[in-house]
Structure formats: structure tokens, C-alpha cells
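In this chain, residues are counted from 1 in sequence order.
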Amino acid sequence: MGPPGAGKGTQARFIADHFGIPAISTGDIFRANVSEGTPLGVEAKRYMDAGEYVPDEITNRMVRNRIDEPDAAHGFLLDGYPRTVAQVEELDGMINFTGHQLDAVLCLVVDKDEVVKRLLQRAQTEGRADDTEDVIRRRQEVYLEQTSPLIEVYKERGLLVEVDGLGDVDEVTKRIFDALDVVPES
Ligand code: ADP
């Protein structure tokens with residue numbers, strides 16, 4: 001977890017590689033569908049371009065299908081899901097059904113000005129459609145309203161691991177591995 005621009009996607013790949021599990025990014029799956037022009041992509045694009053969340057029903061169905069894939073049978077890392085209280089409940093149901101359990105909920109803690117700065121930079125290099133200033137601002141608001149309450153939910157469950165997301169990518173990775181108590185491969 002963490003606000004847009006916290007570095008979730010970057011760090012997700014390192015963690016997933018370490019554990020030999022897939023990193024499942026709802027944002028990436030949506031973007032792939034958008035560029036392929038699938039019906040899911042067409043529907044999702046309307047929300048994404050405005051910085052709003054794609055409706056739970058669509059997102060939940062997509063995640064359910066993805067974690068049903070064989071490569072997720074022995075575990076997976078979710079990046080960008082769950083993002084709403086309803087998605088938390090849905091995920092509980094899904095993993096109950098597949099016999100998995102949540103090991104940890106990692107939250108990257110970052111300063112608001114810093115993430116906006118990073119996203120504006122990314123806008124110049126990657127040109128993501130939702131990285132314009134207005135949309136960036138809206139995405140931060142939506143995160144605060146709909147997703148930040150989840151931090152408390154997972155804290156109460158004893159699953160929350162908070163890590164400072166400021167600094168170099170390598171430094172943050174090291175902090176994450178330390179916090180998760182794993183030894184990174186060199
Ligand atoms: P970021 O966290 O940097 O905003 P993501 O790539 O994770 O970007 O997500 C991009 C967009 O995809 C979100 O703004 C939202 O519209 C949609 N999205 C991703 N995950 C979810 C989710 N779990 N629920 C609803 N919408 C989502």
C-alpha cells in the first residue's frame with residue numbers, strides 16, 4: 001500500500017522476484033487492457049483518466065481471475081489491491097477459498113509533496129495518461145478518502161508493516177527486506 005507515486009510498482013517487482021511469486025498489479029492489468037482495447041480496458045479507461053477508482057465489481061472480478069492462474073497457486077504479491085473497504089472483504093473471501101492467507105501488508109510511507117513531484121517527473125518520462133497535475137491531485141484525494149482507512153484495518157489485524165519510502169530505490173528495498181526479515185540476494 002501507499003499513495004500514488006510511493007514506489008509500489010518498483011518495489012513490488014523486487015519483493016516478488018525474491019519470493020519467486022508473481023507481482024499482480026491491478027494498475028498494470030488495467031493499462032494492458034486499455035492498450036489492447038478490450039471491453040474491460042474501454043470501461044476502465046473512463047475512470048483511470050479521471051483519477052477515479054474503477055468500480056469494485058470490475059476490479060474484484062479481474063483480481064479473482066488473475067489469482068486463479070497457475071503461477072499464483074503458491075503465493076502472490078498484490079500491488080494496488082485492495083484499495084477500498086469492499087475490496088478488503090472480497091479479498092478475504094477469495095483467499096479463504098483458495099486456502100491462502102495474508103502474510104503481511106506493506107505500506108510505503110511518503111511525504112505528499114514528494115509523491116506529487118515524482119509523478120510529475122514520471123509524466124515527462126513515461127507519459128502515463130493519468131499523470132497530469134489535476135489527475136494526480138485527484139488520485140491523491142481518492143487515496144486519502146478511500147484507501148488510507150485500510151491501513152487501520154490491517155494494523156488491527158497485526159499485518160501492517162510500515163516502511164519509509166523516501167530515499168533511493170535501493171535504500172527503500174533494503175528497508176523493506178529488513179522489515180520483512182528476509183535476506184536479499186546480492
Ligand atoms: P497509482 O497508484 O500510481 O495511481 P496504479 O497503476 O496502481 O497507479 O493504478 C492506476 C489506476 O488504475 C487507478 O488510478 C485506478 O483508476 C485504477 N485502479 C488500480 N487498482 C485499482 C483498484 N484496486 N480499485 C479500483 N481502481 C483501481
Side-chain angles (χ1 to χ4, degrees), residues 1-13 15 23-31 33-34 43-63 77-95 102-169 171-173 175-176 179-180:
M1 291 183 61
K8 297 185 296 290
T10 305
Q11 299 297 340
R13 280 184 282 275
I15 301 167
I24 300 176
S25 156
T26 43
D28 283 352
I29 303 176
F30 282 133
R31 275 186 292 278
N33 277 276
V34 170
E43 178 73 7
K45 188 173 174 1
R46 292 196 286 143
Y47 300 97
M48 295 170 76
D49 285 354
E52 305 295 334
Y53 285 167
V54 177
D56 284 337
E57 205 189 286
I58 299 175
T59 310
N60 289 334
R61 197 177 335 124
M62 188 179 83
V63 172
L77 173 80
L78 292 167
D79 161 16
Y81 185 92
R83 272 187 208 215
T84 65
V85 173
Q87 291 179 11
V88 169
E89 286 164 18
E90 196 68 22
L91 177 63
D92 287 341
M94 285 181 217
I95 59 178
L102 291 178
D103 296 309
V105 175
L106 185 68
C107 184
L108 290 176
V109 182
V110 277
D111 171 83
K112 195 165 168 246
D113 293 339
E114 169 67 19
V115 288
V116 173
K117 202 176 93 193
R118 285 185 192 175
L119 291 172
L120 287 171
Q121 256 163 16
R122 184 169 77 186
Q124 297 191 328
T125 53
E126 290 178 31
R128 248 175 66 168
D130 58 351
D131 278 345
T132 64
E133 195 157 354
D134 284 351
V135 178
I136 288 171
R137 211 164 283 130
R138 181 63 195 145
R139 280 157 59 207
Q140 301 293 337
E141 272 172 21
V142 173
Y143 177 82
L144 214 70
E145 284 163 16
Q146 302 199 43
T147 306
S148 64
L150 274 51
I151 293 175
E152 207 43 51
V153 172
Y154 285 123
K155 192 183 264 177
E156 278 170 18
R157 293 194 196 178
L159 289 171
L160 190 72
V161 178
E162 284 184 298
V163 170
D164 177 5
L166 280 187
D168 289 348
V169 170
E171 265 173 57
V172 177
T173 308
R175 280 181 214 137
I176 291 173
L180 293 177

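- Under the 3.5 Å distance criterion, the side-chain polar atoms of Arg13 are left unmatched by any main-chain donor or acceptor of Ala23.
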Margin query: As a quick check of understanding, evaluate side chain to side chain contact (heavy atoms under 4.5 Å, CB included) for Val85 and Leu150, giving each step before the final call.
Written below: CA-CA 7 Å; Val85 173; Leu150 274 51; 3.9 Å; yes
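- Here Leu102 contributes atom CG and Ile95 contributes atom CD1; the two are 3.5 Å apart, rounded to the nearest 0.5 Å.
- Judged by distance alone, the side chains of Thr147 and Tyr53 do bring a donor and an acceptor atom under 3.5 Å apart.
- Remark: of the listed residues Asn60, Thr59, Thr26, Asn60 is the sole one forming a side-chain hydrogen bond (donor to acceptor under 3.5 Å, both in side chains) with Tyr81.
- We find the CZ-CG distance between Arg128 and Leu119 to be 7.5 Å, quoted to the nearest 0.5 Å.
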Next item on the list: Could you go through the side chain to side chain contact (heavy atoms under 4.5 Å, CB included) check for Glu126 and Asp131 one step at a time?
Entry: CA-CA 9 Å; Glu126 290 178 31; Asp131 278 345; 5.7 Å; no
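- Residues Ala104 and Leu180 approach most closely at CB-CD2, 4.1 Å, considering heavy atoms.
- Remark: the backbone N or O of Gly2 is paired with a side-chain donor or acceptor of Lys8 at under 3.5 angstrom.
- Between Pro3 and Val110 the shortest heavy-atom distance is CG-CG2, 3.6 Å.
- Put simply, the side chain of Gln140 gets close to the backbone of Pro4: a donor and an acceptor are under 3.5 Å apart.
- For the side chain to side chain contact (heavy atoms under 4.5 Å, CB included) test, residues two or more places apart in sequence or in another chain that qualify with Ala86 are Asp56, Thr84.
- A distance of 10.5 Å separates CZ in Arg31 from CD1 in Ile29, rounded to the nearest 0.5 Å.
- Heavy-atom contacts from other residues, nucleotides or ligands closer than 6.0 Å to CD of Glu57 number 12 or fewer.
- Side-chain contact between Leu106 and Val163 is present, with at least one heavy-atom pair separated by less than 4.5 Å.
- Remark: the backbone N or O of Gly7 is not paired with any side-chain donor or acceptor of Gln11 at under 3.5 angstrom.
- Using a 4.0 Å cut-off between a side-chain N of Lys or Arg and a carboxylate O of Asp or Glu, Glu141 and Arg137 do not qualify as a salt bridge.
- At a threshold of 4.5 Å between non-hydrogen side-chain atoms, the residues Lys155 and Glu152 count as touching.
- Minimum interatomic distance between Val142 and Gly51 (heavy atoms only, all atoms of both residues): CG2-O, 3.7 Å.
- The only member of Leu108, Leu78, Ile151 that meets side-chain contact (heavy atoms from CB on, under 4.5 Å) when paired with Met1 is Ile151.
- Between Ala179 and Val161, the shortest heavy-atom contact is CB-CG1, 3.6 Å.
- Remark: the backbone N or O of Asp130 is paired with a side-chain donor or acceptor of Arg139 at under 3.5 angstrom.
- The CD atom of Gln146 sits 10.5 Å away from the CZ atom of Arg83 when rounded to the nearest 0.5 Å.
- Within the model, atoms CG of Asp79 and CG of Asp28 stand 7.0 Å from one another, a figure rounded to the nearest 0.5 Å.
- Contact detail for Cys107 and Leu160: the closest heavy-atom pair is CB-CD1, 4.0 Å.
- The distance from the OH atom of Tyr154 to the CG atom of Leu159 is 8.0 Å, given to the nearest 0.5 Å.
- Distance alone, capped at 3.5 Å, is enough to place a donor-acceptor pair between the Arg175 side chain and the Asp164 backbone.
- Pairing each heavy atom of Val135 with each of Ala50, the nearest pair is CG1-C, 4.0 Å.
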